[in-house]
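Written below as structure tokens is the structure these notes are about.
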Amino acid sequence: MSALTARGKNVKYYICVAISLCFIFLFGKLIQPFAGITPVGISILGIFFGVLIATIVTGETFWPALLGLFGMIVCDFTTAGDLLKTWFGNTTIQQIIWVMALTGAVTESGAVNVLARKVLKIRALKGHPMRLITALFLTVLVCAALVSSPTTMLLLWYPILDGICEMCGVEKNSDLKRELLLGIYIAAMGAYVLPFKGVHLSSIAIISGIMESSGLPFNNMAYLVVATLVVLAFVLVYTLFIRFVWKTDLTPLKEFDVDKMGLTEADLKMTGKQKTLFGFMLFGIVFLLLGMALPKGSAVYDFYNKIGSTWVWIVLFAVLCLMRDREGKPFINGVKLLQSKTMWGIVAVAGCFTICGSAIASDDLGIKAAIATVLGPILGNASWPIMVILCVAVSTIFTNFTNGMPVSFTINAICIPLACTMQMEGRGNATILGVATILASMCAFLTNGAIAYAPILLGREEMTSKFIFTKGVVTNILFIVLASLICIVGGYVV
């Protein structure tokens, strides 16, 4: 029976593969040009939808993206050499490769674990449940921003939370435990606030490519400020909901005492290697943050532009590779880290959708004009607030039942060109709409297929369908309201 089941799954898999391959390689041959779209434009649409179908249905990102890139050569959209230059010559794609490797080294060292334990050691948290919850969530947010990995944060903080709840007598089958688990989950969205590190760089690459086609720059500072405000407001308001709206009894948390966790002096002190790796990562972050605030035309600004936002990570990684520890061994194994920590599926799919997004946004293939014609009656005359609310709501709803990343790619490819037009007319901001779509596509936890790490939350024995589809749904609505309000205001201010 199991063999038959496996064979049946394989048949369904290959049917889906065949459908996606037909879109990638045959769509442009079978479908005649329409609505002013050129023959090559028809092929690009087929590639876009073929890769999208494959990523959603199969859960794979690597091979669909590679075949999609190959399809661009076959349909004469570009040459083989130019495609590779565009793909690997994209600075954002390179950032994904090198930042993930460096961040992986920091995570492996355990430096973030030490930081987490230090926060719990703060005496002001003892006997104050709201302070404890707030500090817990905000620490997860900050750590997630540093390591750019929600999965790592959940695997680190859920055992810590279990220890706290066991110490305080918080029952597993209680809404308090479930609310704390969900709170840590949404706080891990801090991984998406920095515009130069994290898996969301794939979406930023697509957005910046589309904006570049319209002659507009992607505003890193605006992204950082607005994304941080959205995630911070989401976490803080969620915390207030626990206390004042759901009126959950927090009394058990008054029993929290970090001394009962049995932490030793070694648990609270970073080793020399941990300090070095953590310091290198912080230097890279601070370097890029300062670059956003430097006055244009200054010598320091010119030097920053010369180095760029990618080479700083490459140089930091190279220096760590050349360093030796006290035993004469390499400080890090750079080759191994690049092999194991770089998410090559993200690199491939980001490259594919970035190039597709730029093609859709260009005037040469006629796709942009066709989309504007179709969506004109709906969004063409829509105000900036309506555009933001629709994008946030649609992204949040769909991402909870499909995979979040493809949802973001699709919304960005369709709506960012329209937002670019709005920005040029002074009616909004494309970067801020990017913040809205990226974060909305990552606010995913209602189903196991919502996002890669959703099973870590939903697989917990404490979690119930009743909780997820009552308070979990309310949490999603809370995000939609807060993200929409902040992004609407941000679009007018920036």
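Quantities reported herein were computed from a predicted structural model and do not represent experimental measurements.
Judged by distance alone, the side chain of Gln423 and the main-chain N or O of Ala430 form a donor-acceptor pair under 3.5 Å. A side-chain donor-acceptor contact under 3.5 Å links Ser208 to the backbone of Ala205. Panel note: side chain Trp87, backbone Val347; a donor-acceptor pair is recorded below 3.5 Å. In this structure a side-chain-to-backbone donor-acceptor pair under 3.5 Å is missing from Ser174 to Val170. Formation of a donor-acceptor pair under 3.5 Å by the Thr134 side chain with backbone atoms of Arg131 is not found in this model. In this structure a side-chain-to-backbone donor-acceptor pair under 3.5 Å is present from Thr470 to Phe467. A donor-acceptor contact shorter than 3.5 Å is absent between the side chain of Ser214 and the backbone of Leu216.
Taking each heavy atom of Arg427 and Trp384 in turn, the nearest pair found is O-CB, 3.0 Å. Contact record, Pro195 with Leu224: CD-CB, 4.1 Å, taken as the closest heavy-atom pair. Smallest separation of non-hydrogen atoms from Ala393 and Ile480: CA-CD1, 4.2 Å. In this structure, Thr437 and Cys391 approach most closely via the heavy-atom pair CG2-CB, 4.0 Å. Residues Val193 and Ala145 approach most closely at CG2-CB, 4.0 Å, considering heavy atoms. Among all heavy-atom pairs drawn from Ile24 and Gly50, the shortest one is CG1-CA, 4.0 Å.
The pair Arg178-Glu462 does not meet the salt-bridge criterion, since no charged nitrogen lies less than 4.0 angstrom from a carboxylate oxygen. The residues Lys471 and Glu179 are annotated as salt-bridged, a charged nitrogen and a carboxylate oxygen being separated by less than 4.0 angstrom. Between Asp162 and Arg460 there is a salt bridge, since a side-chain N of the basic residue sits under 4.0 Å from a carboxylate O of the acidic one.
For Glu212, the CD atom is loosely surrounded, since the number of other residues' heavy atoms within 6.0 Å does not exceed 12.
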- Report the C-alpha separation of Met442 and Thr399 in whole Å, then their side-chain angles, then the decisive distance to 0.1 Å, and conclude whether the side chain to side chain contact (heavy atoms under 4.5 Å, CB included) test is met. CA-CA 7 Å; Met442 301 302 180; Thr399 197; over 6 Å; no
- Message: Assess the residue pair Leu45 and Phe23 against the criterion (side chain to side chain contact (heavy atoms under 4.5 Å, CB included)); give the C-alpha distance rounded to whole Å, side-chain angles, the decisive distance to 0.1 Å, and a yes or no.
- Response: CA-CA 8 Å; Leu45 284 178; Phe23 270 95; over 6 Å; no
- Task: Apply the test side chain to side chain contact (heavy atoms under 4.5 Å, CB included) to residues Phe49 and Ser20: give CA-CA distance (whole Å), side-chain angles for both, the deciding distance (0.1 Å), then the verdict.
- Result: CA-CA 8 Å; Phe49 288 114; Ser20 66; over 6 Å; no
- Message: Using the rule given for salt bridge (Lys or Arg N to Asp or Glu O under 4.0 Å), can you reason through Lys177 versus Glu171, listing the C-alpha separation, both sets of side-chain angles and the distance that settles it, and then say yes or no?
- Response: CA-CA 7 Å; Lys177 181 65 179 292; Glu171 296 182 5; over 6 Å; no
- Item | Audit row: Cys487, Leu433, side chain to side chain contact (heavy atoms under 4.5 Å, CB included) steps and yes/no | CA-CA 7 Å; Cys487 289; Leu433 189 67; over 6 Å; no
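Taking CD1 of Ile355 as the start and CZ of Phe48 as the end, the distance is 13.5 Å to the nearest 0.5 Å. The CD1 atom of Ile242 sits 7.5 Å away from the CG atom of Leu250 when rounded to the nearest 0.5 Å. From Ile488, atom CD1 reaches atom OG of Ser383 across 8.0 Å, with rounding to the nearest 0.5 Å. Taking CG of Leu457 as the reference point, atom OH of Tyr158 lies at 4.0 Å (rounded to 0.5 Å). Here SG of Cys165 is found 7.0 Å from CG of Leu181. Values are rounded to the nearest 0.5 Å. Taking CD1 of Ile186 as the start and CG of Leu182 as the end, the distance is 5.5 Å to the nearest 0.5 Å.
For the pair Ile42/Phe34, a side-chain contact is recorded, criterion being any heavy-atom separation below 4.5 Å from C-beta on. With contacts defined as side-chain heavy-atom distances shorter than 4.5 Å, the pair Phe137/Leu180 qualifies. Counting only heavy atoms from C-beta outward, the side chains of Tyr492 and Asn429 never approach each other to under 4.5 Å. The shortest distance between side-chain heavy atoms of Thr431 and Ile207 does not fall below 4.5 Å. The shortest side-chain heavy-atom distance between Met153 and Ile184 does not fall under the 4.5 Å cut-off. Taking 4.5 Å as the limit, every side-chain heavy atom of Leu132 sits out of range of all side-chain heavy atoms of His128. Under the 4.5 Å side-chain criterion, counting only non-hydrogen atoms from C-beta, Pro129 is not in contact with Arg243. In this structure, Leu478 and Phe241 have side chains that are in contact, with non-hydrogen atoms separated by less than 4.5 Å.
Between Tyr238 and Trp246, the ring centre distance stays below 6.0 Å.
In this structure, a donor-acceptor pair under 3.5 Å is absent between the side chains of Asn476 and Thr396.
Between Tyr185 and Phe445, the ring planes lie perpendicular to each other; the angle is over 60°, past the 30° to 60° tilted range.
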